[in-house]
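These values consider heavy atoms only, across backbone and side chains, with no hydrogens, waters or symmetry-generated copies. Numbered from 1 within each chain, the chains take letters A, B, ... in sequence-line order.
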There are 2 protein chains.
Amino acid sequence: MGTVMTERLVVIGADAAGMTAASQARRRNRQLDVVAFEKTGFASYAACGEPYYISGEVDPIDKLIARTPEQFAKAGIDLRLRHEVMAIDLDRRVVEVRNHDDDTTSETGFDTLLIATGARAFVPPMPGADLEGVHTLRTLGDAEALRSVAEAGLGSIVIVGAGYIGIEVAEAFEARGWTVTLVEALPSIMARTLDADLSVGVVEAIERRNVRVLTGVMVERIEGDGRVSGVRAGGQSIDADVVVLAVGGRPVSELAGEAGIELGASGAIVVDDHQLTSAEGVWSAGDCAEVRHRVTGEMVNLHLGTVANKTGRIAGINMTGGDASFPGVLATAITRFHDLEVSVTGVRPEDAEAAGIDAVVATVGGLTAAHYMPDASDMTIRLTVQRGTGTILGAQIVGGPGAGKRIDVFASAIWQGMTATDLEWVDFAYAPPFAPVWDLMAIAARKAAAAARK
Amino acid sequence: MGTVMTERLVVIGADAAGMTAASQARRRNRQLDVVAFEKTGFASYAACGEPYYISGEVDPIDKLIARTPEQFAKAGIDLRLRHEVMAIDLDRRVVEVRNHDDDTTSETGFDTLLIATGARAFVPPMPGADLEGVHTLRTLGDAEALRSVAEAGLGSIVIVGAGYIGIEVAEAFEARGWTVTLVEALPSIMARTLDADLSVGVVEAIERRNVRVLTGVMVERIEGDGRVSGVRAGGQSIDADVVVLAVGGRPVSELAGEAGIELGASGAIVVDDHQLTSAEGVWSAGDCAEVRHRVTGEMVNLHLGTVANKTGRIAGINMTGGDASFPGVLATAITRFHDLEVSVTGVRPEDAEAAGIDAVVATVGGLTAAHYMPDASDMTIRLTVQRGTGTILGAQIVGGPGAGKRIDVFASAIWQGMTATDLEWVDFAYAPPFAPVWDLMAIAARKAAAAARK
């Protein structure tokens with residue numbers, strides 16, 4: 001044995017944030033000993049692709065796995081699946097690891113620790129939530145289970161929660177011919193990011209595919225005897241062979257909290273802009289950590305693949321002596337239901353007001369292409385801008401093919417502090433298949449600039 | 001008769017720029033007497049939609065007409081079709097107008113004059129260019145003629161010039177089953193805006209549809225006896241029942257030049273940022289006028305529907321006592337050949353160098369969607385950035401559905417002076433059908449930032 005002490009990085013949680021950080025760190029320091037513990041049997045998978053695996057669009061499931069343990073081994077990363085970190089001892093700088101294959105427990109020392117424990121699906125405390133046939137969708141194992149269900153034959157599914165995942169699961173089962181009901185407790189679908197009036201068109205698109213949408217309806221209990229048979233919601237019973245609970249996620253931060261690492265109001269791990277936690281040499285990234293919202297300046301907890309990858313990259317740089325700051329998020333998100341696209345970025349007026357910013361909105365309707373083109377489809381854009389200055393704070397888009405990714409223009413504009421007046425005159429690309437001569441983005445900006453001046 | 005003298009605005013040329021200006025002016029001043037002279041039988045039409053009328057995607061042709069003379073009359077605008085302005089007398093402040101319906105000539109006085117004479121298709125001085133069956137595509141009349149040809153039966157068409165219009169006409173005739181040959185004198189297609197290596201993929205897409213593409217081949221003459229029978233190009237003869245000359249346009253500025261109004265090096269009318277020409281009370285907008293390129297600062301002449309509409313709007317505001325500056329162009333453009341999209345904005349290194357800006361490029365290849373999605377397609381992005389600062393100066397994109405309109409993000413970034421480093425971390429929208437978790441735009445920005453630092 002030589003006398004060179006090799007530094008060890010231990011990564012807890014081997015998904016997007018953890019493995020991005022591990023890979024980045026190893027690329028920057030070839031001497032680094034990197035061990036990643038993952039409690040499930042899957043690592044480095046694309047959770048956002050799961051609905052498309054359930055629908056059958058993606059096949060086989062391996063396509064959702066970015067890199068295998070063998071590939072990580074070649075990159076010098078010791079990835080151990082079915083190894084769960086049970087405790088972190090900051091004084092002794094060791095983690096206690098349970099090997100679920102042979103049911104043994106051991107300790108592994110670390111010099112640097114990355115906590116990337118992610119998030120779990122929230123299971124509301126409701127009677128029947130533990131019945132057979134009640135699912136959540138988070139891990140690849142969850143996706144496998146739902147695909148098996150979907151392929152076993154036709155039936156009725158009730159999806160509780162009409163956010164992004166709920167709607168994507170609805171699309172997947174509807175495409176397979178199932179009888180689908182979406183039940184949302186809030187007065188409108190996607191209510192945490194999309195205004196109620198804009199959601200009306202989304203509901204219509206969903207209902208056109210014979211998916212039943214119930215909003216403002218609380219699920220009281222899941223019914224069944226051993227196995228689910230229905231859902232009791234808003235005083236009515238809905239038959240269900242399968243139930244999916246899609247009511248959001250919670251950061252997995254207990255391990256960090258128990259080790260004395262500071263947690264924020266969101267329940268997620270507090271980090272600075274370098275992804276460093278309150279403990280020396282302990283970093284965190286991904287769904288389990290907070291991030292700064294660029295518009296409000298507030299620390300928030302988001303469960304987005306983009307944020308996990310980006311914060312993982314930042315952590316990987318900084319853990320190996322680099323100096324990179326994570327510049328924050330706008331909470332940009334996008335989804336589709338068949339041909340209808342929905343995207344959001346930044347804030348809505350109520351979020352702005354809560355952060356002390358006086359905001360106004362402007363809404364415009366138009367088309368994705370020149371009006372005479374056969375595939376032109378409807379699109380609505382709503383902008384939130386600061387009163388007076390017209391600085392763009394947020395955008396919501398609902399529309400046909402090509403509508404959704406226009407949100408990136410607004411994300412760039414908010415990122416850079418552009419005003420609506422700046423954006424109004426930007427030289428956007430025009431040809432009849434792609435936009436009207438005045439892209440609706442410019443018209444939205446013009447109207448928002450006028451609203452800001454009032 | 002009262003004693004109130006009504007002010008009169010005369011508009012020469014009743015297409016996008018002229019009628020946008022006329023409408024804007026009338027909206028701002030309801031007392032204004034507005035007369036618009038248009039030498040052809042069509043006004044206010046969408047020239048960019050013509051290829052899709054020829055292909056049959058758009059039908060009938062009326063769909064390409066934004067507003068009819070009757071609609072303009074209702075808006076208080078006296079639009080006179082088949083009235084050609086033959087001369088402008090700046091001293092007497094009258095225009096001489098030829099009525100092509102009754103072959104009479106008369107004078108009309110003006111207080112304010114807008115010259116929006118547009119551009120004409122360039123017909124190269126080549127033997128046979130005047131044969132029957134040789135077309136250009138600019139006016140709605142041109143489009144009608146080509147549609148008649150396309151519908152009359154199958155045949156062979158040679159398109160001279162593989163720019164945007166040439167490629168769109170190729171798509172239209174190929175879709176109808178014609179034998180199509182594109183002949184381009186420059187070494188690559190779309191060479192004025194797209195780098196040669198990036199054009200290779202476009203050529204492949206065109207050739208996959210059995211359109212023959214000849215580059216670096218000069219057309220020597222058009223052959224035929226009365227009627228076209230072929231094209232002699234690069235020492236070979238190509239059979240042709242129809243020839244389309246698509247080698248660009250020229251500003252129609254003779255009328256202005258003869259009246260003593262200053263023309264620029266481009267041959268187009270010189271205007272300030274308010275669209276005012278060198279003559280008091282005489283304004284110009286659209287294809288016949290110069291515009292300032294925001295990156296190089298140079299005055300250029302572009303024939304784009306967006307620019308015509310925008311400069312028309314600016315002229316309309318300023319002619320009626322307003323104060324609006326046209327903020328310039330990035331020469332953003334987009335087209336498609338079936339599923340392949342091509343878009344550009346800003347400058348390439350050679351343009352930057354010519355303007356005294358030291359520039360470097362970065363090129364990245366990737367996908368339009370998550371790799372496991374069945375409709376993910378290839379996309380290439382090339383960025384031009386300033387050496388040192390990394391300020392984004394230009395972008396070129398070639399890729400499948402969803403690739404092209406990403407150019408708007410770069411247009412917004414260039415507009416606002418963003419650097420590649422700024423853009424790298426922008427919170428772009430991600431979901432598997434829309435992008436990989438790192439959108440290729442961010443990867444392009446990262447690579448460009450690194451190139452700028454070298």
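- Comparing B:Gly417, B:Ala435, B:Pro327 by heavy-atom pairs within less than 4.5 Å of chain A, the highest count is held by B:Pro327.
- Neither the backbone nor the side chain of A:Leu304 comes within contact range of chain B, judged by heavy atoms closer than 4.5 Å.
- The distance from the OG atom of A:Ser325 to the CH2 atom of B:Trp425 is 10.0 Å, given to the nearest 0.5 Å.
- In this structure, chain B has a heavy atom under 4.5 Å from the backbone of A:Ala331, while its side chain stays farther away.
- The 12-atom threshold is not exceeded at CD1 of B:Ile165, counting heavy atoms of other residues, nucleotides or ligands nearer than 6.0 Å.
- For the side chain to side chain contact (heavy atoms under 4.5 Å, CB included) with A:Glu57, the qualifying choice from B:Pro433, B:Pro432, B:Pro374 is B:Pro374, the only one to do so.
- The most heavy-atom pairs under 4.5 Å with chain B, out of A:Tyr53, A:Tyr430, A:Tyr164, come from A:Tyr430.
- In this structure, the portion of A:Ile407 lying under 4.5 Å from any heavy atom of chain B is its side chain and not its backbone.
- For the atom pair A:Asp408 CG and B:Phe410 CZ, the distance stands at 9.5 Å (nearest 0.5 Å).
- Between B:Ser343 atom OG and A:Phe428 atom CZ the span is 13.5 Å, to the nearest 0.5 Å.
- Residue with the most contacts toward chain A among B:Val344, B:Leu64, B:Thr345, B:Asp375: B:Leu64 (heavy-atom pairs, distance under 4.5 Å).
- No other option in B:Val307, B:Leu423, B:Asn309 has as many heavy-atom pairs under 4.5 Å with chain A as B:Asn309.
- Most heavy-atom pairs under 4.5 Å with chain B, from the set A:Ala66, A:Ala431, A:Ser412: that is A:Ser412.
- Here B:Lys405 contributes atom NZ and A:Arg406 contributes atom CZ; the two are 4.5 Å apart, rounded to the nearest 0.5 Å.
- Here B:Met418 contributes atom CE and A:Gln416 contributes atom CD; the two are 4.0 Å apart, rounded to the nearest 0.5 Å.
- Within the 4.5 angstrom heavy-atom criterion, atoms from both the backbone and the side chain of A:Ala411 approach chain B.
- Looking only at distances, a side-chain donor or acceptor of B:Lys310 sits under 3.5 Å from a matching main-chain atom of A:Val426.
- Contacts of A:Asp59 with chain B are absent, with no heavy-atom separation under 4.5 Å from either backbone or side chain.
- Both the backbone and the side chain of A:Thr306 come within less than 4.5 Å of a heavy atom in chain B.
- Among residues at least two apart or in separate chains, salt bridge (charged side-chain N to carboxylate O under 4.0 Å, His left out) pairs with a member in residues 421-436 of chain A are A:Glu424-A:Arg446.
- The distance from the CZ atom of A:Phe434 to the CD1 atom of B:Ile334 is 4.0 Å, given to the nearest 0.5 Å.
- Listed by chain and residue number, B:Gln24, B:Arg28, B:Arg313, B:Ala324 satisfy the side chain to side chain contact (heavy atoms under 4.5 Å, CB included) test with B:Ile317 (two or more places apart in sequence, or in another chain).
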